**Q** 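After the structure tokens below, expect a handful of questions from me.
As a basis for the values below, the full set of heavy atoms in this structure was taken, side chains included, without hydrogen atoms, waters or symmetry mates. In what follows, residues are counted from 1 in the order of the sequence shown. Counting convention: from 1, in listed order, for ligands and their atoms alike. Since the model is a prediction, treat every value here as computed from it, not as a measurement.
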Amino acid sequence: MLGIHRTSEAFLLDQQRVVRYHGRIDDRNSYTTKKDKAEREDLKLAATELLDGKPVSVPETPVEGCLIARPKKSSTGPVTFTKDVLPIFQKACQECHHAGTAAPFSLLTYGDAVNWSAMIKEVVQERRMPPWHADPRHGHFSNNRALSPAEIKTLVDWVEQGTPEGKAEDAPPAKEFADGWRIGKPDVIFEIPKEVSIPANGTMPYKYMVTETNFKEDMWIEAAEARPGNRAVVHHIIVFTMLPGAKKPISEKNWIVAAAPGDEPLRLPPGVGRKIPAGSKLVWQLHYTPTGKPETDRSQVGFKFCKTPPEKTARVYGIDNKRFIIPSGNANYRVEARHTVGHPVTLLGMMPHMHLRGKSFEYKATYPDGRTEVLLSVPQFDFNWQNSYRLEKPLLIPEGTKIDCVAQFDNSPGNPANTDATTKVTWGDQTWEEMMIGYLDFIE
Ligand code: HEC
């Protein structure tokens, strides 16, 4: 009767059953941002005005919620789930959309897909899904999840044709996901030493914990995955090696693996390993964000060991600039950082890191012969997705190459993720502070 399209769509009716307000409950959640508190409680204000006998001042607001898929009457058409849609899901969606991951639902079966069909059409057309933010003009990436225009059309056609299922024999073999581990079954799993309690409200400083590996000899890992115990509260995890006798526990040089939305587990090419020396401990950096109710977490990390001793070592380096002040209100503030490569390395991938004011990020190499090359450009950075960009072909970077990272920040009210456009912003751990790091994954 009301023509409801989306979840969380509110209708306020008066005694005569006339709709006096239609729209969102408040402005706290949107598809890309989530405020701590609503700035306008639209439904409450409308109800108050109505009860006071006044006209509702804002009778209509936009709603951001999930489209409600309705059962279709006919479902035949040339584009079918088994033949056309499932291969696209396997390539671009299922890695995240299966049980026990950050995605809120699975996209493994026909039933899953039909329930979400209306929303799937919307997110692929708007390119909100799959999350991928590299400018296609620079670099080729093995984990490129972007859909081609033809793939988007296939998904849209399928929804518009009424989501036909198709013949079972057309379906590609199902992908296996071992107990939620994206790297497959790990050889060893470590847990944080005790359960962490996360209060309902407020901010938690980064939490650091230490786990013994009890490795009696040097170990080499070819794959690693950090797994949040409670995805509602875990903002990110980074696991580092703490070498026996080390004084400074955390160093980027000893980075093993991280977990953040959009990021992927560590998977190294054949013949390459990340070393964990005998007697090392694991140091966990855990960032929790309260949800409004008390929560607990017990996160894990899984390793797969190299079958034979690798020839090469894989490491991480961060090109950063910690000395910046982003003026209040500035929509386009530039911060630069440069690193000169001291010895030849092979670049495997990159991951730009900024917080809520992050707007764009670029890596540019200037080779010793003067040639320049943009290695990665992320023109529209989105803090929700800490994507790493893995090169399709590892790139040899000669000694003396300069790598310039350029970040732009938006500290204006026009940035919907901005928590406060009236203050200047400097380096800090919390998301309302900023960071500027261009991580490099490389082989020594
Ligand atoms: C890198 C992981 C990842 C990939 C790949 C991915 N998704 Fe998602 N998807 C998510 C997460 C996480 C959410 C929840 C987003 C949130 O809560 O804001 C989500 C949400 C959604 C939603 C709900 C609408 C919304 O905006 O929250 C739809 C529909 C969806 N994904 C469809 C897809 C489709 C179709 C594909 C492949 C073409 C895909 N996703 C690929 C992680 C992923």
**Q** Quick one: the NE2 of H97, atom 8 (Fe) of ligand 1, SD of M129 angle, rounded to 10°, please.
**A** 170°
**Q** Against ligand 1, does W132 come closer than 4.0 Å with any heavy atom?
**A** no
**Q** Mind checking whether R128 contacts ligand 1 via backbone (N, CA, C, O), side chain (CB onward), both or neither, at a 4.0 Å heavy-atom cut-off?
**A** side chain
**Q** Any Lys/Arg nitrogen of E264 or R390 sitting under 4.0 Å from an Asp/Glu carboxylate oxygen of the other?
**A** yes
**Q** What are the atoms of ligand 1, with element, lying closer than 4.0 Å to any heavy atom of R145?
**A** 1 (C), 5 (C)
**Q** Suppose I only count heavy atoms of A92 and a 4.0 Å limit; which atoms of ligand 1 are within that range?
**A** 5 (C), 37 (C), 41 (C)
**Q** Under 2.8 Å from atom 8 (Fe) of ligand 1, can any N, O or S atom of C93 be found?
**A** no
**Q** Ring centres under 6.0 Å, that's the criterion: do Y389 and F141 meet it?
**A** yes
**Q** Taking distance alone, with no angle check, do W116 and ligand 1 share an N/O pair under 3.5 Å?
**A** no
**Q** Is it true that D404 and R338 make a salt bridge, defined as a side-chain N closer than 4.0 Å to a carboxylate O?
**A** yes
**Q** What do you reckon, does C66 put a non-hydrogen atom under 4.0 Å from ligand 1?
**A** no
**Q** Pull out every atom of ligand 1 sitting under 4.0 Å from any heavy atom of C96, numbered as shown with elements.
**A** 1 (C), 2 (C), 3 (C), 4 (C), 5 (C), 42 (C), 43 (C)
**Q** Under the 6.0 Å and 45° cation-pi test, does R315 pair with F442?
**A** no
**Q** Does a salt bridge link E126 with R128, judged by any charged N lying under 4.0 Å from a carboxylate O?
**A** yes
**Q** If you define the side chain from C-beta out and look only at heavy atoms, does anything of V272 sit under 4.5 Å from T313?
**A** no
**Q** Distance under 4.0 Å to a non-hydrogen atom of P130: what atoms of ligand 1 satisfy this?
**A** 5 (C), 38 (C), 41 (C)
**Q** For residues W427 and M435, determine if any side-chain heavy atom of one lies less than 4.5 Å from a side-chain heavy atom of the other.
**A** yes
**Q** Given F324 and Y333, is the ring-ring contact (aromatic ring centres under 6.0 Å, His included) satisfied, shown in steps?
**A** CA-CA 10 Å; F324 55 79; Y333 189 75; 7.7 Å; no
**Q** Report the part of E95 (side chain from C-beta onward, or backbone N, CA, C, O) that has a heavy atom under 4.0 Å from ligand 1; answer both or neither where that applies.
**A** neither
